[in-house]
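Following: one structure in structure tokens, then a few remarks.
Counting convention: from 1, in listed order, for ligands and their atoms alike. Since the structure is predicted, the reported quantities are computational estimates derived from the model, not experimental observations. We're numbering straight along the sequence, starting at 1.
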Amino acid sequence: MADTSKLHIAVVGGGPGGYAAAFLASDLGMKVTLIDPEVNPGGVCLYRGCIPSKALLHVAKLIEESHQAKNWGIEFADPKIDLSKLRSWKESVVKKLTGGLGQLSKQRSVQYVQGTAGFQNSNSLKVKKTSGGEEIMAFDKIILATGSRPAVIPSLKIDSARMLDSTGALDIKDIPKTLLVVGGGYIGLELGSVYAALGTRVSVVEMTGGLLPGADRDLVLPLHKKLEKAFEAILLNTTVASLKEEKNGIRATFEGKDVKEREKVYDKVLVSVGRKPNSEIEGLDKTKVKVGQRGFIQVNNQLQTDDPAIFAIGDLVGEPMLAHKASHEGRTAVEVIAGHKYTFEPSAIPAVVFTDPEIAWAGLTETQAQKEGREVKVAKFPWGASGRAITLDRTDGMTKLLIDPGTERVLGVGIVGPGAGELIAEGVLAIEMAALAGDLELTIHPHPTLSETIMEAAEVFYGTSTDVYRPKRA
Ligand SMILES: Cc1cc2nc3c(=O)[nH]c(=O)nc-3n(C[C@H](O)[C@H](O)[C@H](O)COP(=O)(O)OP(=O)(O)OC[C@H]3O[C@@H](n4cnc5c(N)ncnc54)[C@H](O)[C@@H]3O)c2cc1C
């Protein structure tokens, strides 16, 4: 093992990519400096992304289930919402986690510098400290993990308190009567679901022909049906041509082949049309780092940039812009710096949409297989045949496997239904371990659980599912 104790590395950006890298580097014996403007590590994910959104979605789910309970003989009164208490609860979740990361930094003797870093040259950074003043610091290696920010559409940019991006939406300053969500991707649908549960009439506008472009349509369908009831409108094949502030709201005009109402006024508008990498780092031009198309920093599969002293990870280097991808890349970069033989070559990076129902997939999707003309066998297990789903009154789910017809290897897993985000981990493991459908079929799953749907989907592949009867052909 290489002697890492003499290496001093800097990690710029304290998100899930940055802090995972910094902590591992310290565990491997390196001297580590972690630089981020926030008081503690956490980045977008903990301060204004994954964590606050999931805390609010938990509340949304509770409200939704309280309505559903009517079907089971229990009627709750409409919820009274104390917005400031809800906000403080969400903030306490963020504080607990980010404070914990601050503690972990101290325990590992990671030098945490609150500030913003730019380059002097490939091996030294100029750090503008939040407390004031600047410091020039030299390092053996630097890992860039500056993440991303919400993308803006210049023609729709208006200076108004009624306009929100994901960060503003998570602040839940108030519960608007109406909200237009521009963009039918996962962030827009998650935040739209929160506001709808709190009582806002939500409309979502998406320029393509379906919500969650890129996800398999059969997974999206149950969510679409549910959101049609929860939302006031889902406007597909529609673009927002203009936004204009008026006395009572923002007037949006729409264009597109399916448009019925050309314009409408909304209390607030949330623009969630993707994210842009934070690659405009001061002094980056003094290094050999190359920035590619769409602003992503170019790296190889060891997360090395074109500059031998500089690595880059996370949202800054490309899709999928997800926290777990960022942290695995961060850990890979550190292993490479430590001289270990490591590459970032996952067989599957799971994607989860935390709506109700949740949607999750890993590995090959059916959409991708069709696009590539790749032959696959698809085995689907409908949750209507799952005992656990019936006890939860959630038979709208489905689990499917994409299987290589020759080797019977599991190439992809897709799940829609409550808890899909937890269940997909088994699919990821199956793909990473090159499991065959038979491995899933022969693995005893606990009863009654939704995890059985993965085993039973494998049984469907063999035509032997206990709970799905397929009449034999004459
Ligand atoms: C609303 C929302 C919900 C999301 N939900 C999920 C989810 O459920 N699951 C999931 O996997 N992903 C989710 N994401 C995406 C996830 O937040 C990102 O993929 C993840 O945070 C990327 O991690 P990162 O380490 O690359 O960078 P970030 O988390 O973006 O952190 C980068 C940090 O670097 C700092 N920084 C920037 N420039 C400098 C500089 N020059 N010097 C010092 N510091 C700098 C930034 O201030 C920031 O703190 C969500 C995002 C949003 C917006």
| said: With heavy-atom distances below 4.0 Å as the criterion, list the atoms of ligand 1 near His324. | reply: 11 (O)

| said: Can you report which non-hydrogen protein atom sits closest to atom 41 (N) of ligand 1, along with the distance? | reply: Ala117 O, 3.0 Å

| query | Are any of the N or O atoms of Ile187 closer than 3.5 Å to those of ligand 1? | reply | no

| note | What one should report as the nearest heavy-atom pair of Trp383 and Arg394 is CE3-O, 3.8 Å

| Which residue and heavy atom of the protein sit nearest atom 34 (O) of ligand 1, plus the separation | Gly13 CA, 3.2 Å

| Polar side chain donor-acceptor pair, Thr343 to Asn301, under 3.5 angstrom | no

| said: Distance check, rounded to the nearest 0.5 Å: Leu191 atom CG versus Thr200 atom OG1? | reply: 11.5 Å

| query | Would Ser160 and Glu245 count as having a side-chain donor-acceptor pair, cut-off 3.5 Å? | reply | yes

| Taking N or O atoms only and a 3.5 Å limit, does Ser166 qualify as a polar contact for ligand 1? | no

| field | Proximity flag Pro52 to ligand 1, non-hydrogen atoms under 4.0 Å | value | no

| task | Indicate the atoms forming the closest heavy-atom contact of Thr365 with Leu402, along with that distance. | result | C-CD2, 3.6 Å

| Audit row: Phe254, Leu235, side chain to side chain contact (heavy atoms under 4.5 Å, CB included) steps and yes/no | CA-CA 9 Å; Phe254 301 110; Leu235 312 167; 4.1 Å; yes

| query | Yes or no on side chain to side chain contact (heavy atoms under 4.5 Å, CB included) for Ile172 and Tyr195, after CA distance, side-chain angles and deciding distance? | reply | CA-CA 9 Å; Ile172 40 164; Tyr195 277 91; 3.3 Å; yes

| note | So for Arg275 against ligand 1, with non-hydrogen atoms under 4.0 Å, the contacting part is side chain

| said: With a 4.0 Å cut-off on heavy atoms, is Arg48 in contact with ligand 1? | reply: yes

| query | Which of the atoms of ligand 1 are close to Gly147, meaning less than 4.0 Å from one of its heavy atoms? | reply | 26 (O), 27 (O), 28 (P), 30 (O), 32 (C)

| said: For a quick test of reading the model, state the closest non-hydrogen atom pair linking Tyr186 to Leu322 and the distance between them. | reply: OH-CD2, 4.2 Å

| task | Could you tell me whether a side-chain N or O of Ser105 sits under 3.5 Å from a main-chain N or O of Leu101, the two making a donor and an acceptor? | result | yes

| task | Could you check which of Thr116, Leu46, Leu125, Asp36 puts a non-hydrogen atom nearest to atom 40 (C) of ligand 1? | result | Thr116

| message | Could you check whether any side-chain N or O of Arg87 sits under 3.5 Å from a backbone N or O of Asp171, counting only pairs where one atom can act as donor and the other as acceptor? | response | yes

| message | Under 4.0 Å, heavy-atom basis, I'd like to know which part of Ala145 is in contact with ligand 1: side chain, backbone, both or neither. | response | backbone

| field | Check: Asp140 side chain, Ile9 main-chain N or O, donor-acceptor pair, under 3.5 Å | value | no

| field | Heavy-atom nearest option to atom 16 (C) of ligand 1, drawn from Cys50, Gly49, Ala20 | value | Cys50

| query | Would you say Lys325 touches ligand 1, if touching means a heavy atom closer than 4.0 Å? | reply | no

| query | Judging by distance only, is a nitrogen or oxygen of Asp315 under 3.5 angstrom from one on ligand 1? | reply | yes

| field | contact_flag Leu316 ligand 1 heavy-atom lt 4.0 Å | value | no

| Is the side chain of Glu329 donor-acceptor paired with the backbone N or O of Phe344 at a distance under 3.5 Å, no angle test? | no

| message | List ligand 1 atoms under 4.0 Å from Gly115, heavy atoms only on the residue side. | response | 43 (C)

| remark: When distances are taken from atom 39 (C) of ligand 1, the protein heavy atom at minimum range is Thr146 CG2, 3.5 Å

| field | Numbered atoms and elements of ligand 1 in range of Gly15, under 4.0 angstrom, heavy atoms | value | 25 (O), 29 (O), 31 (O)

| query | With no hydrogens and no angle check, is any side-chain donor or acceptor of Asp82 less than 3.5 Å from a backbone partner on Lys85? | reply | yes

| said: List ligand 1 atoms under 4.0 Å from Val12, heavy atoms only on the residue side. | reply: 40 (C), 42 (N), 43 (C)

| request: Kindly identify the option in Val44, Asn278, Leu322 whose heavy atom sits closest to atom 28 (P) of ligand 1. | output: Val44

| task | Measure the distances from the heavy atoms of Met321 to every atom of ligand 1 and state whether one is below 4.0 angstrom. | result | yes

| Under a heavy-atom criterion of less than 4.0 Å, does Lys54 contact ligand 1? | yes

| Structural part of Ser53 in contact with ligand 1, heavy atom criterion under 4.0 angstrom | side chain

| Closest approach of any protein heavy atom to atom 10 (C) of ligand 1, naming residue and atom | Ala323 N, 3.6 Å

| said: Below 30° counts as parallel, above 60° as perpendicular, anything between as tilted: where do the rings of Trp89 and His58 land? | reply: tilted

| query | Polar-atom distance check: Pro37 versus ligand 1, any N or O pair below 3.5 Å? | reply | no

| Hey, which atoms in ligand 1 end up nearer than 4.0 Å to a heavy atom of Ser148? | 30 (O)

| request: Take Asn123 and Ile142 through the test side chain to side chain contact (heavy atoms under 4.5 Å, CB included) and record every step on the way to the result. | output: CA-CA 7 Å; Asn123 288 91; Ile142 294 168; 5.6 Å; no

| field | Gly17-ligand 1 polar pair, N/O distance under 3.5 Å | value | yes

| request: Taking only heavy atoms of Pro16 into account, list the atoms of ligand 1 that are under 4.0 Å away from them. | output: 20 (C), 21 (O), 23 (O), 25 (O), 29 (O)

| field | Considering all heavy atoms, the nearest Gln114-Pro37 contact | value | NE2-O, 3.0 Å

| message | Looking only at distances, can you tell me whether any N or O atom of Tyr186, backbone or side chain, sits closer than 3.5 Å to an N or O atom of ligand 1? | response | yes

| task | Would you confirm whether Ser279, through its side chain, and Gly295, through its main-chain N or O, come within 3.5 Å as a donor-acceptor pair? | result | yes

| message | I need the contact type for Ser327 against ligand 1. Using non-hydrogen atoms and a strict under-4.0 Å cut-off, is it side chain, backbone, both or neither? | response | neither

| Mode of Cys45 contact toward ligand 1 - side chain, backbone, both, neither (heavy atoms, under 4.0 Å) | both

| query | Do the side-chain N and O atoms of Asp315 and Ser148 include a donor-acceptor pair separated by under 3.5 angstrom? | reply | yes

| Which ligand 1 atoms are under 4.0 Å away from a heavy-atom of Gly314? | 26 (O)

